[in-house]
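Report on the structure given below.
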Amino acid sequence: MLVPDIKEPEGDAVVDRLFIALAFAAFVTVPASFAQAGPVEGGHEWHVWTGGGHGLSGSQSGDGVWNVGLRYGLILTAPHGPGFLRGRLEYAIEAVPVFLVVQKTNTAYGAGINPFAFKWALDTRKSVVPYFEIGGGTLFTNTKVPEGTSHVNFTSGGALGLHFLRSKHNISAEVRYMHISNAGLTTPNPGINTIQVRLGFGLFSQKE
């Protein structure tokens, strides 16, 4: 019996391949028996990151996004929680000085601030630290995003990622879902739902 050849959309395939490549590159740079002090209660995270992706569905599915950000985080708790979910809670803020939205008729240039992000980093006691995160912020652009709507938007979303700990720094790789909309400031408000791949470089400083 012949099986139809179902091809994955080109944009999704590019994102999938990019994430696999980033994750593989990060894994091969981490020694198998490596041990480095990662996030600890009262410690800090300093991080720079860049990410990109595209719209998922609807009228904005063809839009692309690319951004660069700086992050400061504070580890709030010691490890707690049940079983494999045992981990630490981190609160963070981010400045996003570069945020591009490539639309059908123009490219919007902007910047943003994310006043809150909450990360749960699992307590693996190893050189690879899985985490998941939720957060949100505000985005300001020189042209309307989506087209014909607003110069001011709000962002919200979540991420699944990995920290790869090294002797003096760490590398992170994650897949992030982000929703961009103006929260009813103007009508219509179609919003943009995006999936992004983010790669970061930073360090965890230890409490004194």
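Side chains are part of it too, since the values below use all heavy atoms of this structure and drop only hydrogens, waters and symmetry mates.
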### Connected via hydrophobic side-chain network under 4.5 Å: Leu74 and Leu203
yes
### Connected via hydrophobic side-chain network under 4.5 Å: Val101 and Met178
yes
### Task
Please say which of Val96, Val152, Thr155 ends up in a side chain to side chain contact (heavy atoms under 4.5 Å, CB included) with Thr138.
Val152
### Message
According to side-chain hydrogen bond (donor to acceptor under 3.5 Å, both in side chains), who are the partners of Thr50, at least two apart in sequence or on a separate chain?
### Response
Trp66
### N-O pairing of Glu41 and Arg88 below 4.0 Å
no
### Task
Please confirm whether His163 and Phe204 have ring centers closer than 6.0 angstrom.
yes
### Message
Would you say the rings of Phe201 and His169 are close, in the sense that their centroids are separated by under 6.0 Å?
### Response
yes
### Message
Any non-hydrogen side-chain atom of Trp49 less than 4.5 Å from a side-chain atom of Leu70?
### Response
no
#### Entry: Contacts of Tyr72 that satisfy side-chain hydrogen bond (donor to acceptor under 3.5 Å, both in side chains) - sequence neighbours left out
His44
### Query
By ring pair (Phe, Tyr, Trp, His ring centres under 6.0 Å), which residues pair with Phe116, not counting sequence neighbours?
none
### Task
For Phe99, check ring pair (Phe, Tyr, Trp, His ring centres under 6.0 Å) against everything at least two apart and list the hits.
none
### Task
Could you pull out all residues at least two apart from Asn114 that satisfy side-chain hydrogen bond (donor to acceptor under 3.5 Å, both in side chains)?
Glu94
#### Entry: Passing candidate, side chain to side chain contact (heavy atoms under 4.5 Å, CB included) with Asn182, options Val145, Leu139, Asn153
Asn153
If you look only at distance, which donor and acceptor atoms sit under 3.5 Å apart when one is on a side chain in residues 76-84 and the other is two or more places apart or in another chain?
unit_1, atom_1, unit_2, atom_2, d
Thr77, OG1, Leu89, N, 3.0
His80, ND1, Ala78, O, 3.0

